[in-house]
Amino acid sequence: MFYPRQNNVNLKSLTYRYVMALGLVAILATASMFYLQKVIAAQKYSSNIINQASNERFLVKQIGLYHVALIATRGSELNPDFRKKLLDAANALESNHQSLLDREESENLGGEMLPSVRKIYFDDPIQLNHQISDYIALAKTLSLNTYEQLTNKTLLSSSFVELTENILKSMNKVVEAHVTHSEKALKRTRQIEIFLWLVNMVVLVLLGL
C-alpha cells in the first residue's frame, strides 16, 4: 500500500540527481567551449602580430639593401631611384610600426601588449621602439641627402649596417616572445581539456551508478 509513494519519492530523487548530473556536464561543456574560443581568439591575435612583425623585419632588410645600393651607385643615374626607394621603405616601416603598436596597445584592435614584448619595446637595454624611431629617421636622412652631402657623413652611413643587424635581432626576440606565449597557452589548453574530460567521465560514471 505504501510502496507506490516510496517508489515515487525514489523516482523524484533519482530524477533530481540525473538533472543535476546532466546540468553539471552541460556547464563543463559550455565552460570548455568558451575557454577554447578565448584561446582561439588569442592565437589569432598572436598570429596577426607575428605576421606584422615579420613585415616589419622584411622592411628593415629592404631598407638595408637599398642603403647598400645607394652607396654602391653613388654618382650613377640609378642613385636617385634607390634614394626614392629607400625613402618609400622608411615611410612604410614607420606606418607598419605604428600600426603594430596600435594593435598591441588597443583592446579594440586585439589586446594588450605582452609584458615580455613591452619590455623589449620600451625598457633597457633594448628599447626597440626607440631604436626603430632612430632607424627610420636615419634612413630618411640618408635618402634625402645627395652624394656630396653623404661624403661628409661617413659615420652616419657606416653605422647603418650594424644598426640594421641589431634591430633585426631585437625583432626576432619579439617574435620569439609571442611564439613562447602561444606554446604556453596551448599547453594550458591541453591540460584543461584533460581535466574537463576526467570530470565528465567521473560525472557519467556516477550517473550510471
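Between Ala89 and Ile63 the shortest heavy-atom distance is CB-CG1, 3.6 Å. When all heavy atoms of Leu142 and Leu86 are compared, the closest pair comes out as CB-CD2, 4.0 Å. Across all non-hydrogen atoms, the minimal contact from Ile132 to Glu56 is CD1-OE1, 3.6 Å.
The closest side-chain heavy-atom distance from Arg190 to Phe195 is not below 4.5 Å.
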Is there a side-chain contact (heavy atoms from CB on, under 4.5 Å) between Val117 and His181? Walk through the geometry before answering.
CA-CA 10 Å; Val117 174; His181 178 76; over 6 Å; no
Stepwise, does the side-chain contact (heavy atoms from CB on, under 4.5 Å) test hold for Gln52 with Ser99?
CA-CA 9 Å; Gln52 197 141 353; Ser99 177; 2.8 Å; yes
Candidate pair Glu94 and Lys140, rule side-chain contact (heavy atoms from CB on, under 4.5 Å), full reasoning
CA-CA 11 Å; Glu94 185 176 31; Lys140 289 182 177 180; 2.8 Å; yes
Stepwise, does the side-chain contact (heavy atoms from CB on, under 4.5 Å) test hold for Ile120 with Met171?
CA-CA 9 Å; Ile120 294 173; Met171 288 180 174; over 6 Å; no
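Shown here are the ring pair (Phe, Tyr, Trp, His ring centres under 6.0 Å) partners of Tyr135, two or more places apart in sequence or in another chain: Phe160. Residues passing the side-chain hydrogen bond (donor to acceptor under 3.5 Å, both in side chains) test with Asp123, sequence neighbours excluded: none. Not a single side-chain hydrogen bond (donor to acceptor under 3.5 Å, both in side chains) links Asp81 to another residue, sequence neighbours left out.
Between the side chain of Arg57 and the main chain of Leu168, no donor-acceptor pair closer than 3.5 Å is present. With hydrogens and angles disregarded, a donor-acceptor distance shorter than 3.5 Å links the side chain of Asn166 to the backbone of Glu162. Checking side-chain atoms of Gln131 against main-chain N and O of Ile126 turns up a donor-acceptor pair under 3.5 Å. Thr141 places a side-chain N or O within 3.5 Å of a backbone atom of Ala137 that can act as its donor or acceptor partner.
Counted within 6.0 Å of NZ on Lys119, heavy atoms from surrounding residues, nucleotides or ligands total 12 or fewer; the atom is thus considered open.
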